[in-house]
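Residue numbers start from 1 in every chain, and the chains themselves are labelled A, B, ... in the order their sequence lines are given, proteins ahead of strands.
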Amino acid sequence: MAMIDARPGRVRPAPENFLTDEQIAAVKDGRRDFLRKAFLTASAAMAAPAVARAAVEGDPAILELPQWSTTLGLPVAANPYGMPSKYERGLQRRESPGLTRVGGSSVAFTPLQGLFGIITPSGLHFERHHQGWHDVDPSKHRLMINGLVKTNAVFTMDDLMRLPSVSRIHFIECGANTGMEWGNVAVPTVQYSHGMLSCSEFTGVPLKDILDMCGADYKKGRFVLAEGADGSSMTRTIPMEMIESGEVLVAYGMNGEMLRPENGYPLRLVVPGVQGVSWVKWLRRIEVGDKPWATKDEAVHYMDLMPDGQHRQYTSIQECKSVITTPSGGQLLLDKGFYNISGMAWSGRGKVTRVDVSTDGGINWRQARLETPVLSKAVTRFNIDWVWDGKPAILQSRAVDETGYVQPTYGQLRAARGTKSIYHNNAIQSWKVVESGEVSNVQVL
Amino acid sequence: MSRFSKTLIALLVAGAATSAAAWERYPGVGREATPAEVKAWDIDVRPDFAGLPKGRGNVDDGMALWETHCASCHGVFGESNEVFTPLVGGTTQKDIETGRVAALVTGSFPQRTTLMKVPTVSTLFDYIQRAMPWTAPKSLKPDEVYAILAYLLNLAEVVPADFELSDENIHEVQARMPNRNGMTTDHGMWPGASQAKGGIGNGGTPDVKNVACMKDCKKEVVIASALPDYAQDAHGNLAEQNRPVGQTRGKPTGAPGEAAGQNGGAAAAAQPAAGAAATLALANAKGCMACHGVANKVVGPGYNEIAKKYQGQADAAAGLIAKVKAGGQGVWGAVPMPPQGHVSDEELGQLVKWILEGAKAQ
């Protein structure tokens, strides 16, 4: 377009510049109405007639050429392994203070509030270790297959990387994701409420191919034990049906490169739709057996405590779930007007077929756009238009999967399971927006 | 070239001989495992005790082993909440009779301890053998595992003080596990065949059923819970955990210093701190943080305590470097620090300097 766009927004100073230290102090004192006022002042200035604006020649970001337009930049390979811009440093994996007592058995959450699309950058993939992590020497790593097989076998990484490979995009979610929120709201942002979720392209070999080679006894051997090579030697029981379907992978690749050490370099199991603990990292052994193992993380943890005091054992599927990531808890809307509400939806039972969004706390809903690709047992990105009128609102998303399962409300989930479980909380998330533009975490029944 | 050593080729041939057909599809890939290899790694123990090694150990020996290998993290009576949730507590004689832990319903015990939850004694044997002690996993011999487990079970009064646990009587102990009847598999979240078809659970039927209502779905919106005030600031400055551009900004929260100047402030503060942050990362990477907190005791003293003790002693660093390298005990208590031989002298110098300067995170 040849015409200069004279809309005020284009010359408005960056919003962080209207927050003086006093105003920040005001937020801390609980005087949260100031932001609204600051915005009103700013928009009044912007709405002023063109004459009043004549003094403003234009945006200094345009009129004063920045240093990057007037000087020579850095040479190639200045960063041999590229890193994000320094301006992106706010988006990092973080621990939730007080959640765990030692860093070697803890969680670092993915900053979902800043992600786009469906792929999690490998450096931001959430971390959950039980006994610390190691950078395992791939030339010394082995995968052993034993149990109900004709041939107990050993594979090196050389062997595994020679076999026909597949690449598939899947989400991985810790069974305890959103676990802190079973009873009540506990954390401020989507990073801490939902950040034990990541989605990557994994490359590897279907476990079925390897078990075929070893002559697995598929008749008797209906369960498989996966075991890690780290100190915890994490062990989990996997159903043979999933392996026979070809979807369980022995993976070495993630997002085009090798797995990161924190995510199991050089080998991990990929068990699509199933909670992260079963995606055994630093995978060293697969045993075929005729019964489940009741390992520590099947008989002490990753079980759902019901109101009658019984634990549901071997709960593994991550049921259909979604969350709005923008706007989300701990954020500020800068002004009234248009917003692109954006979020993530996923189901351990297959594809997401639909996501509905409510801005009034669940009284009325509108169907969101699902962005491509929409893949089975992968994160699906959804978006929907929203014009904020400056009034209080409660934002929610509700996903439906291909089995027809509709993501439940907190009321429904608690009616079935109580509030004492730590695992498998897939309730509809609510974000409250108040007049000042502040967004916060609330639970709506 | 070692890959093509004579033994390996012999093994490959052996493997091929036993089941030629299976290997034919991908010639040259993989080999048969030797019995010794399988024995070295196949350490799992199932609820039916398949895989349980032969052996025995009594409560008395278990107590001594526990004090040396386990008490520093879990407490002398398995009661400590410092490093992990208590292992023992919350079970009663009545529970041992019924096989259901009542405190899981009443909430009468503040934590959910391991012994309150675990239904199968095999789980404890398997886990201690594979993963404990946390900083030296797989270092215990079977008899030691039996003894330690006997002590742990005695703490929970599952076995008497003069008990000797062995592969022969462990199934009798199973019949006394306090929560042995506390599990159900009647759910739809097992991703394999249903129980009726030899698997687990109901075959995938979910326990909640929502409907996708679109209009006038309810009369009022009930907010059951909101973020408590104290939790607002508990996760640091949210302004610094968001992008400086886009549809939204992060809300300034946290300690006053942190919030100043929003994103610009974060950038400025981050600069001089890089060295400290890198050293903290090094302390994490070298496993020091498994036993030391900055402000709190874990297994060893908190770094701040160490800094305080040696404050003003100019020559403290050299002695501490030597101490950490060689390990030792007695300065802070009876619990020893193992030798930290995997850390280079240069790194130790950096770590000790950082500890003595207050072990700052940034």
What residue in D207(B), N181(B), V101(B) has the most heavy-atom pairs under 4.5 Å with chain A? D207(B)

Between V221(B), L227(B), L124(B), N179(B), which shows the greatest number of heavy-atom pairs under 4.5 Å with chain A? L227(B)

Short side-chain donor-acceptor distance under 3.5 Å, D230(A) and S232(A): yes

Given V105(B), I223(B), T248(B), the one with more heavy-atom pairs under 4.5 angstrom with chain A than any other is T248(B)

Could you have a look at T135(B), T106(B), V38(B) and say which one has the most heavy-atom pairs with chain A under 4.5 angstrom? V38(B)

Are the charged groups of K432(A) and E438(A) less than 4.0 angstrom apart, N to O? no

Applying side chain to side chain contact (heavy atoms under 4.5 Å, CB included), run through T184(B) and Q313(A) and close with a yes or a no. CA-CA 6 Å; T184(B) 171; Q313(A) 201 176 13; over 6 Å; no

CD of E287(A) to CD of E227(A), rounded to nearest 0.5 Å, is 8.5 Å

Under 4.5 Å from any heavy atom of chain A - which part of D48(B): side chain

Does any backbone or side-chain atom of N81(B) lie under 4.5 Å from a heavy atom of chain A? Answer side chain, backbone, both or neither. both

Could you tell me which portion of F84(B) (side chain, backbone, both or neither) has an atom closer than 4.5 angstrom to a non-hydrogen atom of chain A? both

Whatever's closer than 4.5 Å to a heavy atom in chain A on K215(B) counts as both

Highest number of heavy-atom pairs under 4.5 Å with chain B: which of M303(A), H301(A), R312(A), E181(A)? R312(A)

Please classify the contact between T120(B) and chain A as side chain, backbone, both or neither, with a heavy-atom cut-off of under 4.5 Å. side chain

Bottom line for I200(B): the part with an atom under 4.5 Å from chain A's heavy atoms is side chain

Between D126(B) and T123(B), is any side-chain donor less than 3.5 angstrom from a side-chain acceptor? no

Side chain, backbone, both or neither: which part of V211(B) has a non-hydrogen atom closer than 4.5 Å to chain A? backbone

Would you mind checking which part of A193(B) comes under 4.5 Å of any heavy atom in chain A, side chain (CB onward), backbone (N, CA, C, O), both or neither? both

For the pair W190(B) and Y314(A), name the ring-plane relationship: parallel under 30°, tilted 30 to 60°, perpendicular over 60°. perpendicular

Highest number of heavy-atom pairs under 4.5 Å with chain A among M116(B), R100(B), E82(B), H187(B) belongs to H187(B)

If we ignore hydrogens and angles and just use 3.5 Å, is the side chain of Q174(B) paired with the main-chain N or O of P119(B) as donor and acceptor? yes

Between I43(B) and chain A, which part of the residue has a heavy atom less than 4.5 Å away: side chain, backbone, both or neither? both

Using non-hydrogen atoms and a 4.5 Å limit, figure out which bit of N284(B) sits close to chain A: side chain, backbone, both or neither. neither

Please report the C-alpha distance between D360(A) and S358(A) in whole Å, then the side-chain angles of each, then the deciding distance to 0.1 Å, and finally whether the side-chain hydrogen bond (donor to acceptor under 3.5 Å, both in side chains) criterion is met. CA-CA 6 Å; D360(A) 61 8; S358(A) 171; 2.7 Å; yes

Assert top hit (heavy-atom pairs under 4.5 Å, partner chain A, pool C217(B), P191(B), A224(B), G182(B)) equals P191(B)

Kindly compute the distance separating CD (Q241(B)) from OH (Y192(A)), expressed to the nearest 0.5 Å. 3.5 Å

Top residue by heavy-atom pair count (under 4.5 Å) with chain B, among S440(A), G215(A), G103(A), G362(A)? G362(A)

At a 4.5 Å cut-off on heavy atoms, which part of A290(B) comes close to chain A: side chain, backbone, both, or neither? backbone

Within the supplied structure, the quantity of interest is the number of heavy atoms (other residues, nucleotides, ligands) at a distance under 6.0 Å from Y230(B) OH; does it exceed 12? no

Salt-bridge criterion met for K197(B) and E241(A) (N-O under 4.0 Å): no

May I have the step-by-step check of side-chain hydrogen bond (donor to acceptor under 3.5 Å, both in side chains) for Q113(A) and T189(A), ending in yes or no? CA-CA 8 Å; Q113(A) 69 274 19; T189(A) 74; 5.0 Å; no

At a heavy-atom separation under 4.5 Å, does V298(B) approach chain A through its side chain, its backbone, both, or neither? side chain

